Amino acid sequence: MAMSNPGNRVTQGQFSFLPELTDEQITAQIKYALDNGWAVNIEYTDDPHPRNTYWDMFGMPMFDLKDPAGILMEINDCRKTFPNMYIRVTAFDNTHGWEAPRMSYIVNRPPNEPGFKLQRTERDGRSMGYTITSYAADKPEGERA
Amino acid sequence: MSDTENATAEQNTEILPEGASVNLQEEFEQSQVQEVLDKLDRELVGLVPVKTRIKEIAALLLVDRLRRQFDLTSETPTLHMNFTGNPGTGKTTVALRMAEILHRLGYVREGHLVSVTRDDLVGQYIGHTAPKTKAVIKKAMGGVLFIDEAYYLYKPENERDYGGESIEILLQVMENNRDDLVVILAGYKDKMDRFFESNPGMRSRIAHHLDFPDYSSEELEAIAELMLSDLNYQLSADAKKALHDYIPLRMKLPHFANARSIRNALDRARLRQANRLFADRNKSLSKSDLTTLDAEDFLVSRVFVEGKLDGDPADGILNPVSMDKTD
């Protein structure tokens, strides 16, 4: 794992194998979402487990926006409030048949990403069960960052 | 539209050498601002001082754009404006055109107009105002935020009023996000003056104060004709005279709201015309019957008969907020 992913960077959502997006690139991506009529949200969490779907929303979802400047303002607010957490931007498409996020990408990550622990469990007939836990979520919520 | 945007983007990156020359006329034509100015002239009767001022602002922005090509100035000029004037003098319409001009010159990215009043900005309880104001600001980013009756934001008689909080957030955004947002305040002249007296920070952040004069009766007549032709109606010769007499009478009555009162008068005339046609419905009607307003459609108005207002509260200022959006 350390060979293929130096620094244990969490790779979730779009662009996560690329270098960090600049604010300009983030703005361009938001613009794309807004031009498609998707509502953009900002979410944050301190638990990077891939199955963690319960990210907290930062403020209200932002409907009826035309320009990304306001969203970038919120992103920067969120970065200031939670500098040591994962922050992602999602774009929700409410058109019938979709009704799902169409974009999701990380715009902030903690300075130190400890990665995941692989746990093996021996089961009946010597078969193996595997599970991962993130070191970042070792401590109880609220004491992690 | 995208051409203009591309042009702006290019100009921002390229810096011309000292000896180069630029062509103002070319730049002007490329920006297609003349089109908006022509539209303004066509759509709005009178308002000469306002139109002159808008042309001046457009010229300033155009020259500023050229200066930028020589790297002479990097700071966006302050574009926040204050429109004062009585109801129905065209403040909202001019704000719409202003957004278009700013967009064509590349000073706002989207060029949309978000029209709000106190209710949209100020919350009902502690902690409600900031998110509400911010949501509106975010919506207006890249365009123009038009705050109608802006003086209502500040209520000095109530020290627990949340309007002050909204003003503070606005001030901050007006200063820090000058590239993203242009704020236009609008309201009655005397009330806005008092508002600025108690909010000096607001005054100093607004560069352009435009005063909208009341219309003369001739201008109102021209406006009436314009409105009717938009609706595919026309006036008979007698009706023209009736309207000519009606306008000065109406101007003397209370709650006169300039072009808006005229529109309401025309709406009532249309109603009476429809009733008149319906009254003898056995007659076959020609196209001109359907489009022509007659003198009697105006003469039965109570303005003529009793010298009083027609019983229509919409003619007054009882509901100025929602009415202003349509004039």
Side-chain angles (χ1 to χ4, degrees), chain A residues 21-44 55-83 85 87-95 101-105 107-108, chain B residues 1-2 5-6 8-9 12-13 76 79-80 95-96 99-100 102-103 106-116 120-121 123-125 127-146 166 168-183:
Chain A
L21 297 185
T22 63
D23 279 6
E24 213 169 87
Q25 290 166 327
I26 293 170
T27 307
Q29 293 298 337
I30 298 172
K31 180 74 186 141
Y32 175 77
L34 293 178
D35 286 348
N36 279 297
W38 303 335
V40 177
N41 315 305
I42 297 164
E43 300 168 4
Y44 63 93
W55 291 50
D56 290 289
M57 282 193 79
F58 186 78
M60 298 291 198
M62 291 169 268
F63 299 107
D64 304 328
L65 263 56
K66 291 219 166 163
D67 191 79
I71 297 172
L72 193 70
M73 211 166 73
E74 287 288 315
I75 291 174
N76 285 326
D77 265 3
C78 188
R79 282 169 170 163
K80 226 185 280 169
T81 320
F82 303 111
M85 293 202 187
I87 300 171
R88 74 179 174 192
V89 173
T90 61
F92 185 83
D93 183 357
N94 68 353
T95 47
R102 294 283 290 266
M103 297 178 81
S104 170
Y105 48 94
V107 294
N108 191 66
Chain B
M1 207 137 293
S2 63
E5 261 169 24
N6 292 342
T8 333
N12 287 342
T13 49
T76 317
L79 290 168
H80 306 307
L96 261 171
E100 213 168 312
L102 293 175
H103 178 59
Y107 283 90
V108 294
R109 286 185 297 267
E110 303 291 329
H112 61 293
L113 182 86
V114 175
S115 181
V116 297
D120 302 296
L121 295 166
Q124 312 260 314
Y125 45 84
H128 191 201
T129 303
K132 226 176 156 180
T133 305
K134 276 190 186 148
V136 167
I137 288 170
K138 273 184 268 173
K139 253 178 226 174
M141 287 262 175
V144 172
L145 177 62
F146 183 75
S166 187
E168 251 168 62
I169 296 170
L170 276 172
L171 284 178
Q172 208 184 339
V173 170
M174 283 164 80
E175 193 60 37
N176 299 340
N177 297 63
R178 262 188 282 173
D179 297 344
D180 301 321
L181 176 75
V182 171
V183 178

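Computed from a predicted structure; not experimentally measured. Quick note on labels: first sequence line is chain A, next is B, and so on, each numbered from 1.
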Output the donor-acceptor atom pairs between chain A and chain B under 3.5 Å, with atom names and distances to 0.1 Å.
{"residue": "A/Lys31", "atom": "NZ", "partner": "B/Glu110", "partner atom": "OE2", "Å": "2.5"}
{"residue": "A/Asp67", "atom": "OD1", "partner": "B/Arg109", "partner atom": "NE", "Å": "2.8"}
{"residue": "A/Asp67", "atom": "OD1", "partner": "B/Arg109", "partner atom": "NH2", "Å": "3.3"}
{"residue": "A/Asp67", "atom": "OD2", "partner": "B/Arg109", "partner atom": "NE", "Å": "3.4"}
{"residue": "A/Asp67", "atom": "OD2", "partner": "B/Arg109", "partner atom": "NH2", "Å": "2.3"}
{"residue": "A/Glu74", "atom": "OE2", "partner": "B/Lys138", "partner atom": "NZ", "Å": "3.3"}

The interface call for A/Met73 against chain B, heavy-atom contacts under 4.5 Å, is side chain

Are more than 12 heavy atoms from other residues, nucleotides or ligands located less than 6.0 Å from atom CE of A/Met57?
-> yes

Most heavy-atom pairs under 4.5 Å with chain A, out of B/Ala140, B/Ala135, B/Gly142, belong to B/Gly142

